[in-house]
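Here is the structure we will look at, set down as structure tokens.
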Amino acid sequence: MVNLIEAQKPLLTGMMRLAGLRPIDVELEPGTTMHVWAPKHHAGKKGTTISPHDASAAAAANKPSGGRRGGRRKGPESKPNVVLIHGFAAEGNVTFQFNFGVLVSRYNVYIPDLLFFGKSSTTDSADRSPEFQARCVAAALARLGVARCDVVGFSYGGMVAFKLAEARPELVRSLAVSGSVVAMTDAVNRETMERLGAGSSAELLMPETLQGLKALFSVSMYRKMWFPDRMYKDYLKAMFTNRKERLELLQGLLDSNMDAKTPTFQQKIMLIWGEEDKLFDIELAKKMKEQLGENCYLQGIPKAGHLLHLERPCAYNRQLGRFLAFVNSQENQAN
């Protein structure tokens, strides 16, 4: 029997190709590969795999050129780079399927699959921390010649984005984050699980049963939506792969943040929040804004839950677009 979720992927792939994106497997080191949807100018005649020795060529291809004297630069190098980092329930192209299309005309869009999601994997490293995921994203971007970018992170991807911005301020120009925290401390995790009545984050985020998946969608969305049971069963089979490794990622998330403190970020940060988010509520976002200081902004979206970019994509895209335009205008004024 055809898996209904898998059957939709060719259509999504076609949409991304029409938008000018191409799938590229970036070999970070032997045994570790990150799958990235990237602008089509990266997909050369040699194929869609970039190995470490291809890094210098990729950097040269992405290096800004002067263009005509006195005129505007043309081509992909003239666009700012935007990186979209997905959450825990789905890979990158599925997570941002309603968002990438409004960005590609103005930005070079990169959508990596974090390790153990989609086609990204490692057999070389046992590290399961968000810091490791951030290092892998940075390495993949380096292979693709990206030296500066704006990063958009959702949920687990937001935590990875914060780690990336903290470790690589010269790479990350700004952050736009939704449904996430700077660090999943034991206190935050315990309060969230108690409030939702879940035994553990693994029980909530890695469901094994139809009822468990329905419960996850129930707390993730503001609107009560009905799907046939077969759709839920197919989603479980299609999206919750690499269970052992993903459970290790959840444990690594907690282990790495036991003594976490809020770092000082140099970047502008926009928190785009579903006002009805049950996982990380709006009050948590307000506290986080205060902790992050004057460079942090908060914009709530009414009638939206944790999956705000899927529930209210137009409102989400509008706020994201305004923030990215603001960041670009600030840099243009500085120059």
Side-chain angles (χ1 to χ4, degrees), residues 5 8 84-100 102 117 152-162 175-182 184 188-207 209-229 231-232 235-236 238-240 250 253 269-289 296-323:
I5 302 300
Q8 296 175 30
L84 309 179
I85 306 182
H86 64 82
F88 212 81
E91 61 222 54
N93 60 344
V94 175
T95 299
F96 295 107
Q97 60 184 292
F98 299 134
N99 316 115
F100 69 86
V102 300
F117 296 86
V152 180
F154 163 67
S155 197
Y156 175 66
M159 301 176 207
V160 174
F162 276 123
L175 280 177
V177 173
S178 60
S180 189
V181 290
V182 176
M184 177 59 88
V188 171
N189 180 65
R190 184 171 57 252
E191 188 279 329
T192 302
M193 294 305 109
E194 289 177 354
R195 176 164 44 82
L196 296 175
S200 66
S201 55
E203 176 186 316
L204 178 67
L205 298 175
M206 289 295 294
T209 66
L210 201 65
Q211 291 71 25
L213 183 58
K214 287 181 177 181
L216 176 59
F217 273 98
S218 177
V219 301
S220 298
M221 304 184 74
Y222 167 71
R223 293 179 177 85
K224 303 300 180 184
M225 302 186 70
W226 179 87
F227 298 104
D229 283 354
M231 188 77 76
Y232 284 110
Y235 193 94
L236 277 173
M239 292 300 171
F240 291 96
L250 285 175
L253 189 65
I269 301 173
M270 170 61 81
L271 305 177
I272 308 176
W273 228 260
E275 293 184 359
E276 305 299 330
D277 193 328
K278 297 175 185 176
L279 285 173
F280 298 116
D281 61 33
I282 191 71
E283 294 303 317
L284 180 63
K286 292 176 180 178
K287 292 178 183 177
M288 190 160 59
K289 177 186 179 300
C296 183
Y297 312 90
L298 171 63
Q299 179 63 55
I301 295 181
K303 298 182 179 179
H306 191 66
L307 297 173
L308 70 164
H309 57 290
L310 296 175
E311 281 194 288
R312 298 203 59 195
C314 292
Y316 175 87
N317 292 341
R318 185 162 53 249
Q319 295 301 332
L320 177 59
R322 287 173 179 171
F323 175 66

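Counting from 1, the numbers follow the sequence of the chain as shown. Remember, predicted model here, so these are calculated numbers, not experimental data.
- Distance OG1/Thr95 to CD1/Ile85: 11.5 Å, rounded to 0.5 Å.
- Between Leu204 and Leu279, some side-chain heavy-atom pair lies under the 4.5 Å cut-off.
- Of all non-hydrogen atoms in Leu250 and Met206, the two that sit nearest each other are CD1-CG, 4.1 Å.
- Under a 3.5 Å cut-off, the side chain of Trp273 and the backbone N or O of Lys286 do not form any donor-acceptor pair.
- Annotation: the span from Leu84 atom CG to Phe100 atom CZ amounts to 9.5 Å, rounded to 0.5 Å.
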(message) I'd like to know whether Met239 forms a side-chain contact (heavy atoms from CB on, under 4.5 Å) with Glu91, so could you lay out the CA-CA distance, the side-chain angles of the two residues, the decisive distance to 0.1 Å, and finally the verdict.
(response) CA-CA 8 Å; Met239 292 300 171; Glu91 61 222 54; 4.0 Å; yes
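- When all heavy atoms are compared, the tightest approach of Val182 to Phe162 is CA-CD1, 3.6 Å.
- Inter-residue side-chain proximity for Leu320 and Asn99 is flagged as unmet; no heavy-atom pair is nearer than 4.5 Å.
- Across every non-hydrogen atom of Tyr297 and Lys289, the tightest pair is CA-CE, 4.2 Å.
- Between Ala161 and Gly153, the closest heavy-atom pair is CB-CA, 4.3 Å.
- Within the 4.5 Å cutoff, the side chain of Phe227 has no heavy atoms near those of the Lys214 side chain.
- For Arg190, the salt bridge (Lys or Arg N to Asp or Glu O under 4.0 Å) test picks out Asp186, with sequence neighbours left out.
- Using a distance-only test at 3.5 Å, with no hydrogens or angles considered, a donor-acceptor pair links the side chain of Ser180 to the main chain of Met159.
- Side-chain atoms of Glu276 and Pro302, non-hydrogen and from C-beta on, never get closer than 4.5 Å to each other.
- Residue Leu298 comes nearest to Ala285 through the heavy atom pair CD1-CB, 4.0 Å, listed as atom of the first residue, atom of the second, then distance.
- Under the 3.5 Å distance criterion, the side-chain polar atoms of Gln97 are matched with a main-chain donor or acceptor of Val94.
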(request) Could you check Phe217 against Tyr235 for ring-ring contact (aromatic ring centres under 6.0 Å, His included), going step by step and ending with a plain yes or no? (result) CA-CA 11 Å; Phe217 273 98; Tyr235 193 94; 5.5 Å; yes
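- The backbone N or O of Gly305 lies less than 3.5 Å from a partner atom in the side chain of Glu311, making a donor-acceptor pair.
- When all heavy atoms of Met225 and Tyr232 are compared, the closest pair comes out as O-OH, 4.1 Å.
- At least one side-chain heavy atom of Arg312 sits less than 4.5 Å from a side-chain heavy atom of Arg223.
- Side-chain contact between His309 and Phe98: absent, with no pair of heavy atoms (C-beta onward) separated by less than 4.5 Å.
- Atom CZ of residue Arg195 and atom CG of residue Asp281 lie 5.0 Å apart, to the nearest 0.5 angstrom.
- Atom CG of Leu271 is separated from atom CD of Gln299 by 10.5 Å, given to the nearest 0.5 angstrom.
- Counting only heavy atoms from C-beta outward, the side chains of Phe323 and Ile272 never approach each other to under 4.5 Å.
- Rounded to the nearest 0.5 angstrom, Gln8 CD and Met231 CE are separated by 6.0 Å.
- Taking CG of Leu216 as the reference point, atom CG of Leu307 lies at 8.0 Å (rounded to 0.5 Å).
- Formation of a donor-acceptor pair under 3.5 Å by the Asp277 side chain with backbone atoms of Ser178 is not found in this model.
- Summarising the local packing, NZ of Lys303 is surrounded by 12 or fewer heavy atoms from other residues, nucleotides or ligands at distances under 6.0 Å.
- Ring-plane geometry between Phe88 and Phe117 is classed as perpendicular, the angle between the planes exceeding 60 degrees on a 0 to 90 degree scale with a lower cut at 30.
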